[in-house]
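What follows is a single structure, written as structure tokens, with notes after it.
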Amino acid sequence: MTVASPLPFTDSEIQVLKNRYENAGQGHVFKFFDSISQDEKVELLKQLVEIDVDNLNTIYKKAIEGAEMATKGVDELKPLSPDVFDSVLKHNDEQLKEWEMLGLQQIAHGKVAVILMAGGQGTRLGSSDPKGCYNINLPSGKSLFQLQAERILKAQELAHQHRNEQDPQETIIPWYIMTSGPTNQPTYDFFKKNNFFGLKEENVIFFEQGTLPCLTMDGKIILETKSKVAIAPDGNGGIYKALQEKGIIRSLRERGIEYSHCYCVDNCLARVADPVFIGYCVSKGTDCGVKVVGKMAPEEPVGIVCVRNGKYAVVEYSEITQETANERYPDGSLKYGAANIANHFFSTSFLERVPSFQSELEYHIAKKKIKYTNLETGEQIVPKTNSGMKLECFVFDVFPYAHNMSVLEVKRQDEFSPLKNAPGSGADCPETSRRDIVAQHVRFIENAGGKVVGDTDDYEQLVFEISPAVSYAGEGLKQIVSGKIVKAPATIETLDDLIRATC
Ligand code: UTP
């Protein structure tokens, strides 16, 4: 016979906890307490003591108020002024080279880190692994994490060529990877299994973001099982709290990092540690910067970077009237055309300043299908429609607090192809990710004066890929391919592979 171990809480401690939840209108979390096993009681109590239930109610109230305000459309919107907004499409190569050089120098000085937001649960994609482990069916079979790691390696190599005598011997771009409860262990295991893709383990730093309980539409905590509160990561804006609480800001300072490039795991075209963007932001004394792409059409459902009530902000497409969305400049471009792609630059001092306004940041409501336990029957329900909400902060919520904001427009086809949806869905899915990478690599060859010839023009099928180890953004190919044909199928991992494929 096994004897259940005593609860690590006294009866009076449990009573205090019950009262706290009762008083906050969340007493139902104890509904099944008397009928569950001793171990389950421990599991539930451990979760409940960690939750600041009064703060949770306040977050919910503010989120509801914020959502109502947004639908009223009472905000005054203005487009970005030209002094904070530049576009790589409008600048000549000389300017881009200048920014690139400045960015590479900052990397060589050891002042640049990369922060990856990889805490999302990727529910729409439907894979049980973290999104970064996903194989988008490239000819090389590389995962998103591998592509990104190889871009860091290449950026280090390119920057190293520009180091001066005072610079560190080794050029290192530390990679800080934000995970969450569900993605933390599998992410670490994947890196370990793959030997950190050639990076040094000490320069890949994982940190876990916070979570919040999921709520019903009327703000009640959802029980996933009788003994477990449903929880979810607190959104990609959870990054700021996590950077503070997990000692990452300290680590940045210890390593002498002044600037960070922060991006999303699901953008297969992300130019990780992009020297052009870093150089651009540094040249403008930016504390908080963002990359955008041109909105394809007024009705495209994307968030827009603009000025709301005198402060920089991302305004969701649902918050903009049709009339505003259609406003254009005399040259035909959309006034509200700076589509947010969650790709950021932060100075370390900006990140250090976030706690001074953290409490003012509002959470947003994300309605989701959340498993719940029926409080009458105790049965677990797996809903087919949205059953509740996750409360999330967004990474762009800090924009209003920037002192020196800069916005750089880049080419969508070169820098943005997100992986959101399940295979076969036709948009922002594994097939489009693969297609966009292959198309870009074909353009690399064409821009270098060569031509890729294969048995198909369909980039979802064409077997052609150039490793970041060979070229980060199309550089270094001209001398080999100019005026030549590059034959597909070809999976080019080295310059020798490229030479062999060229005729
Ligand atoms: P999304 O908002 O697209 O969420 O994340 P997701 O988790 O990838 O996918 P769905 O909505 O569940 O289908 C955009 C980026 O923000 C990160 C994601 O990992 C992705 O890089 N993110 C999102 C976090 O880091 N933490 C979060 O809590 C949410």
Side-chain angles (χ1 to χ4, degrees), residues 59 63 114-134 136 143-145 147-148 175-184 186-188 190 205-215 230-243 245-246 248 260-272 290-291 293 301-303 314 316-317 339-344 346 361 363-371 383 386-398 415-423 425 427-430 432-433:
I59 289 175
V114 160
I115 306 177
L116 169 62
M117 295 178 286
Q121 292 171 295
T123 34
R124 285 168 286 173
L125 180 62
S127 161
S128 55
D129 293 326
K131 253 191 203 176
C133 308
Y134 204 86
I136 54 173
S143 62
L144 294 174
F145 280 139
L147 289 174
Q148 294 163 22
W175 193 9
Y176 293 89
I177 300 183
M178 180 171 80
T179 60
S180 62
T183 65
N184 191 50
T187 301
Y188 178 77
F190 191 70
I205 304 105
F206 300 89
F207 65 106
E208 215 177 303
Q209 70 175 105
T211 54
L212 278 174
C214 302
L215 303 179
I231 54 164
D234 54 1
N236 57 20
I239 191 167
Y240 302 107
K241 198 158 165 272
L243 286 172
E245 290 179 358
K246 303 292 167 158
I248 303 303
S260 294
H261 176 221
C262 174
Y263 70 102
C264 294
V265 71
D266 54 12
N267 177 12
C268 66
L269 295 179
R271 291 202 171 158
V272 187
V290 59
K291 266 190 200 188
V293 296
V302 286
V314 172
E316 296 298 344
Y317 64 99
N340 176 42
I341 58 169
N343 197 312
H344 303 268
F346 298 119
L361 300 179
Y363 286 77
H364 310 268
I365 293 170
K367 293 181 183 164
K368 303 268 172 176
K369 295 172 201 148
I370 299 161
K371 276 190 232 160
N386 292 337
S387 56
M389 63 173 80
K390 294 180 180 177
L391 291 163
E392 297 187 332
C393 258
F394 295 149
V395 63
F396 56 72
D397 288 339
V398 299
E415 304 211 26
F416 187 54
S417 176
L419 176 60
K420 300 287 181 196
N421 303 318
S425 38
D428 299 344
C429 58
T432 55
S433 295

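Below, all heavy atoms of this structure are taken into account, side chains as well, without hydrogens, waters or symmetry copies. In listed order, ligands and their atoms are each counted from 1. Residue numbers count from 1 along this sequence. This structure is a prediction, so every number in the text was calculated from the model and none was measured.
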For atom OH of Tyr317, is the number of surrounding heavy atoms from other residues, nucleotides or ligands below 6.0 Å larger than 12?
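Atom OH in Tyr317 is not packed in, count stays at 12 or less.
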
side-chain hydrogen bond (donor to acceptor under 3.5 Å, both in side chains) against [X], all qualifying residues, sequence neighbours excluded:
X	result
Lys246	none
Asp397	His364
Lys131	Asp266

| For Lys368 and Gln121, does a side-chain donor sit closer than 3.5 Å to a side-chain acceptor? | no

Can any side-chain N or O of Asn340 pair as donor or acceptor with the backbone N or O of Gly303 at less than 3.5 Å?
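Such a contact is absent between Asn340 side chain and Gly303 backbone.
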
For ligand 1, give me the residues whose heavy-atom distance to it is below 4.0 Å, by chain and number please.
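Ligand 1 pocket, heavy atoms under 4.0 Å: Met117, Ala118, Gly119, Gly120, Gln121, Gly122, Thr123, Arg124, Lys131, Met178, Gln209, Pro233, Gly235, Asn236, Cys264, Val265, Asp266, Lys368, Lys420.
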
